[in-house]
Every structure is written in C-alpha cells, then in structure tokens.
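Report on the structure given below.
Note that these values count all heavy atoms, side chains included, but never hydrogens, waters or copies made by symmetry.
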Amino acid sequence: MKKISLVVFQALTIVLEALPLGAVCTFAPSPTERVRETFSYFSLIPFGYANFTPLITAILTVVILLLSLISLKKDSVFNALFVLSIITAIISLMPLMYGLNNYSLVGAFITIALVTESIFVKAQQK
C-alpha cells in the first residue's frame, strides 16, 4: 500500500506541473512596466526565454514516476528514487535565484511534493 502511495503522490505532482500556473516568466513591454506570465512546467515557452529549470523539473518528475512504478515490483530502485527526488527538489528551487517574483505558489507546492516524496522513499527504504 505504501508503494502505491508513492505512485499516486508523484502523479499528483505531475498534475500540478501540468497546470498553467507554475513556471513564471517576467516580460518587459516598456522600460517601466513588467508583466508576469505563468506557464505549465511542460511548456517550451519558459525554456525558450532561458527559464530552463521548470522543464528539467518536469522531465525528472516523469522519470521519478517511472521509477516509482518500477519500485512496485523491485525494491532495488529506492536509492535511485531518493537521490533523484532530492536533485529534482533542488532544481525546482532554482528560479528563486532570480528573485521571488520568478517563483509561484504552484511551484512551491511542487517543491514541497518532491521533498515529501523523498521523505516517503527514505521511510520506505527502512
């Protein structure tokens, strides 16, 4: 049952990433005006504007989901699952390097979900 919760929790994280409220791009239509737009983590628009981390986070989250599915049959992938979820959580925090305006509430929930996933995996290893 605990292994299935890993898969369900990761699927909910992917649903959050699919919402068009996660990745933030700030545009400047004039020298004094700033427009903040949000996109899905799977969108290529932020990637094209040099906001690389949301797409990398989304791809790694899909890999974590696949590893979670594999963990239903094999217990040997828990270590890789733990390390990858920690790395993905750190990468999801990278937009904060450019300021709080480049991070969204949905992005914070995604980071919290990834950290919680790593805690679940670590508890599952013992």
Tell me which donor-acceptor pairs under 3.5 Å the side chains of residues 40-59 have, and how far apart each pair is, sequence neighbours excluded?
unit_1 : atom_1 : unit_2 : atom_2 : d
S40    : OG     : E17    : O      : 3.0
S40    : OG     : A18    : O      : 3.4
S40    : OG     : F42    : N      : 3.1
S43    : OG     : I45    : N      : 3.2
N51    : ND2    : V24    : O      : 2.9
T57    : OG1    : T53    : O      : 2.7

Using a 3.5 Å cut-off and no angle test, enumerate the donor-acceptor pairs between side-chain atoms of residues 99-116 and protein atoms at least two apart in sequence or in another chain.
unit_1 : atom_1 : unit_2 : atom_2 : d
N102   : OD1    : T26    : OG1    : 3.3
N102   : ND2    : Y98    : O      : 3.1
Y103   : OH     : G107   : O      : 3.1
Y103   : OH     : T111   : OG1    : 2.6
S104   : OG     : L21    : O      : 3.2
S104   : OG     : G22    : O      : 2.7
S104   : OG     : G107   : N      : 3.1
T111   : OG1    : S92    : OG     : 2.8
T111   : OG1    : G107   : O      : 3.0
T116   : OG1    : I112   : O      : 2.7

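Considering CD1 of I64 and OG of S118, their distance stands at 9.0 Å, rounded to 0.5 Å. Here the SG atom belonging to C25 is positioned 5.0 Å from the CZ atom belonging to F39, to the nearest 0.5 angstrom. Distance check, rounded to the nearest 0.5 Å: OG of S68 to CD1 of I4 gives 12.0 Å. Atom CD of E37 is separated from atom CZ of F27 by 5.0 Å, given to the nearest 0.5 angstrom. Expressed to the nearest 0.5 Å, how far NZ of K122 lies from OG of S85 amounts to 10.0 Å.
Counting only heavy atoms from C-beta outward, the side chains of T61 and L65 never approach each other to under 4.5 Å. Side-chain contact between P20 and T38: absent, with no pair of heavy atoms (C-beta onward) separated by less than 4.5 Å. Proximity of T13 to E117: side-chain heavy atoms (C-beta onward) are nowhere separated by under 4.5 Å.
Linking ILVMFWY residues whenever their side-chain heavy atoms come closer than 4.5 Å, directly or via other members, leaves I119 and L81 in distinct clusters. Hydrophobic clustering of Ile, Leu, Val, Met, Phe, Trp and Tyr side chains at less than 4.5 Å, counting indirect connections, keeps V15 apart from L6. Hydrophobic clustering keeps L84 apart from L93 (ILVMFWY residues linked when any side-chain heavy atoms are closer than 4.5 Å, directly or through intermediates). L16 and L96 are members of different hydrophobic clusters when ILVMFWY side chains are connected at heavy-atom separations under 4.5 Å.
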